[in-house]
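One structure follows; several queries about it will come next.
Chain letters run A, B, ... following the sequence lines, proteins first, then strands; residues in each count from 1.
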Amino acid sequence: MRVKLVGDGDVDVPQGASAMSALLAAMPDRAPEALAVRVNGEMADLSRSLEDGDEVEPVFWGEEGSQDIYRHTASHIMAQAVLELFPGAKLAIGPAVEDGFYYDFELPRAVSPEDLPSIEERMVGIVEADMPLQREVLSREAAVELFRELGQQYKVELLEEMEEEEVTLYRQGDFVDLCRGPHLPSTGRLRHFKLLSLAGAYWRGDEKRPMLQRIYGTAFDDEEELERYLRFREEAERRDHRRLGKELDLFSFHEEAGPGVVFYHPKGAVLREVIEGYLKEEHRKRGYLMVYTPHLFRGQLWHTSGHMDYYRENMYFFEKEGMEYVVKPMNCPGHLLIYKTRPRSYRDLPLKYFELGTVYRYERSGVLHGLMRVRGFTQDDAHIICTEEQLEEQVRDCLEFAFHSLRTFGFEEFDVYLSTRPEKSVGGDELWEKATRALKDALEDMGIPYEIDPGEGVFYGPKIDVKLKDAIGRSWQGPTVQADFNLPERFDLAYTGPDNRPHRPVMIHRVVLAGIERFYGVLLEHYAGEFPLWLSPVQAVIVPVADRHLDYARGVMERMSVEGLRVEVDDDRQTVNMKIRRAQVQKVPFTLVVGDREVEEETVSVRDRTGRDVRGVPVAEVVSRLAAIARERRADAAWE
RNA sequence: GCCGGUGUAGCUCAAUGGUAGAGCGUCCGCCUUGUAAGCGGUUGGUUGGAGGUUCGAUUCCUCUCACCGGCUCCA
């Protein structure tokens with residue numbers, strides 16, 4: 001029979017020949033390097049038998065799709081090792097994932113990090129034994145029978161829920177697993193791997209089902225890549241905002257105060273103030289009206305808004321004088337009350353209320369995470385009340401605003417998602433349809449590529465989510481824009497149209513930086529604490545060489561301060577080296593050393609964070625240059 | 001919330017079923033300093049909290065709180 005080798009012409013092979021033999025016939029040199037094939041575009045093992053006319057394409061190491069294959073094999077090898085070390089272990093599932101692979105087990109005892117080396121060692125043994133992975137096709141009933149005999153009830157459960165009548169198994173040595181494949185032809189082909197961490201995970205992700213033990217690992221083609229990945233993990237740890245927050249004295253959490261609520265220290269507060277100042281300025285420029293609303297509302301208002309029904313588990317309640325109160329988890333109802341204080345005309349719309357609104361949301365204790373996931377946080381929240389016709393344009397403005405702001409803070413890459421109606425939600429299908437359409441149109445008009453995230457909208461409306469990529473390529477949740485036809489109805493909002501008749505407005509809920517706390521954390525990790533000048537809590541430290549230069553140093557500080565620069569004089573009785581080191585460790589952008597020569601010449605010696613050192617710069621020049629860099633919010637903080 | 005881990009001085013981290021230690025920091029001296037740690041001394045802890053076992057617990061057990069890695073959820 002004849003099969004087609006993609007890019008390599010046709011090749012004749014015997015009836016029922018394997019993919020590998022076809023590759024060997026067509027490209028004897030490279031074939032042994034293949035780890036799988038695509039047969040008619042579908043991933044398959046090298047051992048797959050071909051049919052006349054099949055199109056075959058080899059998959060080599062490093063090529064797209066190869067990673068999933070060997071990582072999946074790695075997870076089987078790990079499972080085999082775990083079964084050997086923990087007799088009686090039950091296997092759940094073990095897929096390849098973005099950064100590696102994992103396998104979920106039910107084990108006779110808890111695994112601990114100390115077990116990982118011995119599991120890894122067993123895995124090395126299995127790789128060295130170079131066991132072939134054999135694919136078997138059998139009926140679902142037979143597979144159920146087999147796994148029942150093996151006591152692998154999770155596999156039995158999976159099989160019982162499957163539709164297919166035929167399933168596939170992979171065997172290596174005496175290890176057998178239910179698996180769709182494909183896999184490496186043998187365990188010896190696995191290259192570089194490492195076990196990384198342990199975790200608990202519910203069977204099928206369902207918290208009502210048993211908690212299993214998950215082991216995470218990763219695998220790569222070559223050692224270099226594995227090491228690069230491990231270095232990436234270290235880099236992420238080095239940038240951890242919780243560590244930097246402590247080292248740079250920015251914020252803290254307190255057991256006495258409860259989890260998930262942030263205390264900003266003076267330096268941390270400066271940065272927050274800079275961020276908020278930027279937001280206020282930009283909102284004013286764009287016609288937003290700043291408002292303040294209280295933190296406690298009567299329960300009734302939250303019934304009107306629907307939060308009591310749809311957001312209850314995230315809300316804090318208490319009671320006084322027989323009245324139910326809620327600590328606000330969102331700002332929208334408050335803004336709507338302001339809207340309703342007088343009759344509104346179509347001439348007033350769009351009406352854009354902006355608030356740095358502090359909200360409290362109950363989060364389960366296990367999900368809290370530094371500044372990234374807290375219970376009390378402040379949003380740069382706005383509600384735009386407008387006519388249906390204005391909606392799309394307003395959405396576009398919001399997106400433009402959001403992208404512009406993120407770029408100012410140094411983020412350049414974004415992924416955009418459109419989230420549609422969730423199961424638990426208010427309002428009729430027609431309203432949802434209209435709202436979703438408006439968001440979609442806005443995205444498409446702006447030519448922004450996006451993906452649909454089905455069922456991930458908020459209970460009152462669909463939303464656009466923007467995720468930002470940080471300096472080391474990680475994605476973070478950023479701005480959201482939500483269209484809402486429901487709350488205007490629930491609050492009975494109205495405006496008078498040109499026809500002098502009442503109409504129902506629509507509204508947009510949107511945030512730009514979103515939760516200030518989270519954004520603060522992302523920013524800290526993005527810059528690894530080395531902020532551009534305009535964001536640095538302390539922009540310059542002046543280091544007098546000896547006590548006799550103190551007055552001069554203070555004079556320089558004064559000249560900088562009046563230009564709005566944040567400057568300190570290090571008047572400690574310490575060596576110049578020590579004072580420079582302290583400024584450097586604190587990641588202060590500029591250190592200005594002043595000694596006899598500088599006093600004499602009315603200059604300073606400028607040292608930037610990269611260690612560059614320029615002597616004899618006139619004070620006037622330093623002041624004006626730094627002030628300009630800060631005012632223009634320039635990204636760099638180097639003295640060119 | 002659940003699974004696993006961790007919790008010792010302000011910070012980073014040692015140690016032991018028998019009255020807890022280092023480095024850095026703090027403070028006090030000396031040094032008056034030129035681009036990443038000058039020298040000496042001093043201070044510092046109910047070993048997260050409560051209970052239990054024990055002659056004796058920081059160590060072992062139970063409960064609890066917080067944190068870390070995940071599951072799940074979200075700004």
Donor + acceptor pair across side chains of A/E355, A/T293 (<3.5 Å):
yes
| request: Establish, yes or no, whether a centroid distance under 6.0 Å links the rings of A/Y460 and A/H509. | output: yes
query = Would you say B/U12 has OP1 or OP2 under 4.0 Å from some side-chain N or O of A/K246?
reply = yes
Contacts under 3.5 Å, N or O only, protein and nucleotides 1-5 of chain B:
{"from": "B/G1", "atom 1": "OP1", "to": "A/S365", "atom 2": "OG", "distance (Å)": "3.1"}
{"from": "B/G1", "atom 1": "OP2", "to": "A/S365", "atom 2": "OG", "distance (Å)": "3.2"}
{"from": "B/G1", "atom 1": "N7", "to": "A/G366", "atom 2": "N", "distance (Å)": "3.1"}
{"from": "B/G1", "atom 1": "N2", "to": "A/Y202", "atom 2": "OH", "distance (Å)": "2.4"}
{"from": "B/C2", "atom 1": "O4'", "to": "A/Y202", "atom 2": "OH", "distance (Å)": "3.4"}
{"from": "B/C2", "atom 1": "O2", "to": "A/Y202", "atom 2": "OH", "distance (Å)": "3.3"}
{"from": "B/C3", "atom 1": "O2", "to": "A/G200", "atom 2": "N", "distance (Å)": "3.2"}

(message) With a cut-off of less than 4.0 Å, is there a side-chain N or O of A/K463 near OP1 or OP2 of B/A75?
(response) yes
So, A/R607 and A/Q584: side-chain donor and acceptor under 3.5 Å apart, yes or no? yes
Quiz item: Can you tell me how far C1' in B/G25 sits from the matching atom in B/G45, rounded to whole Å?
Solution: 15 Å
To the nearest angstrom, the CG-P distance between A/L468 and B/A75 comes to 14 Å
I'd like to know if the side chain of A/E525 reaches the main chain of A/H241, judged simply by a donor and an acceptor atom lying under 3.5 Å from each other, with no hydrogens or angles considered.
yes
- Query: How far does the C1' atom of B/U47 sit from the matching atom of B/G18, given to the nearest Å?
  - Reply: 16 Å
- Message: Considering every strand and a 4.0 Å limit on heavy-atom distances, what is the contact class for A/A546: base, sugar-phosphate, or nothing?
- Response: base
Rounded to whole Å, the CG-P distance (A/D570 to B/A36) equals 15 Å
For nucleotides B/C24 and B/C61, find the distance between their C1' atoms and express it as a whole number of Å. 36 Å
Handout entry: Euclidean distance for C1', B/C65 against B/A22 (whole angstrom)
Key = 29 Å
Rounded to whole Å, NZ of A/K579 lies from P of B/C31 at a distance of 16 Å
Spacing of the P atoms in B/C11 and B/C71 (rounded, Å):
29 Å
### Message
Under 4.0 Å from OP1 or OP2 of B/G69: is there any side-chain N or O of A/H369 that close?
### Response
yes
Classify A/D596 by what it touches in the nucleic acid, base, sugar-phosphate, or nothing, heavy-atom distance under 4.0 Å. base
I'd like to know if the side chain of A/R518 reaches the main chain of A/R373, judged simply by a donor and an acceptor atom lying under 3.5 Å from each other, with no hydrogens or angles considered. no
Using a heavy-atom cut-off of under 4.0 Å over every strand shown, decide if A/R597 touches base, sugar-phosphate, or nothing.
base
Distance below 4.0 Å between A/R242 side-chain N/O and B/G69 OP1 or OP2: yes
Symbol by symbol from the 5' end, with Watson-Crick or G-U pairs under 3.5 Å, [ ] crossing and | another strand, RNA chain B is (((((((..((((....[..))))..((((.......))))......(((((..]....))))))))))))....
Whole-Å distance, A/Q586 CD to B/A37 C1', equals 15 Å
Rounding to 0.5 Å, atoms CZ (A/R71) and CE (A/M78) come to a distance of 13.0 Å
Between CD of A/E247 and P of B/C24 the distance, given in whole Å, is 18 Å
query: Given the side-chain rings of A/F86 and A/F105, with only the six-membered ring counted for Trp, is the space between their centroids under 6.0 Å?
result: no
**Prompt:** OP1, OP2 of B/G38 versus side-chain N and O of A/Q574: anything below 4.0 Å?
**Reply:** yes
Next on the checklist: At less than 4.0 Å, is any side-chain N or O atom of A/R204 found next to OP1 or OP2 of B/C71? Yes or no.
Outcome noted: no
In this structure, CZ of A/R474 is separated from NE2 of A/H526 (nearest 0.5 Å) by 10.5 Å
Judged by nearest nucleotide, the residue sitting upstream toward the 5' end of RNA chain B, A/F377 or A/R548, is A/R548
| message | Taking only the C1' atom of each, what is the distance from B/U26 to B/A15 in whole angstrom? | response | 24 Å
Looking only at atom C1', what distance separates B/G17 and B/G52, rounded to whole Å?
15 Å
Which of B/G38, B/A75, B/C65 is nearest the side chain of A/E255? It is B/C65
The residue, A/G258 or A/D206, whose nearest nucleotide of RNA chain B is more 5′ is A/G258
Rounded to whole Å, the CZ-P distance (A/F253 to B/C67) equals 8 Å
Out of B/A37, B/G69, B/C74, minimum distance to the side chain of A/N577 belongs to B/A37
Rounded to whole Å, the CD-P distance (A/E601 to B/G34) equals 18 Å
The nucleotide from B/U33, B/A36, B/A75 with an atom nearest the side chain of A/V576 is B/U33
Taking the six-membered ring for Trp and the single ring otherwise, decide whether the centroids of A/F409 and A/Y278 are under 6.0 Å apart. yes
A/G478 near the nucleic acid: base, sugar-phosphate alone, or nothing, with a heavy-atom cut-off under 4.0 Å? sugar-phosphate
Worksheet entry | C1' atoms of B/G49 and B/U33, separation to the nearest Å | 48 Å
How are the rings of A/Y311 and A/F459 set relative to one another: parallel (under 30°), tilted (30 to 60°) or perpendicular (over 60°)?
tilted
Of the candidates B/C67, B/G34, B/G69, the side chain of A/P259 sits closest to B/C67
Practice prompt. Please answer whether B/G70 and A/Y216 are stacked, defined here as ring centres separated by less than 5.5 Å and planes angled under 30°.
Written response: no
Between CG of A/L371 and C1' of B/A75 the distance, given in whole Å, is 13 Å
Of B/C71, B/U33, B/G25, the nucleotide closest to the side chain of A/D547 is B/U33
* Asked: Quick one: the side chain of A/E598 and the base of B/G34, do they pair up donor-acceptor inside 3.5 Å?
  -> yes
(message) Any carboxylate oxygen within less than 4.0 angstrom of a Lys/Arg side-chain nitrogen, looking at A/R548 and A/D596?
(response) yes
| query | Which part of the nucleic acid, if any, lies within contact of A/R607, taking any heavy atom under 4.0 Å across all strands shown: a base, the sugar-phosphate backbone alone, or nothing? | reply | base
* Asked: With a 4.0 Å cut-off on heavy atoms, is A/V374 in touch with a base, just the backbone sugar-phosphate, or nothing at all?
  -> base
In terms of side-chain heavy atoms, does A/Y552 have a donor or acceptor partner in A/E598 at a distance below 3.5 Å?
no
| Carboxylate-amine/guanidinium proximity below 4.0 Å for A/D206 and A/R204 | no
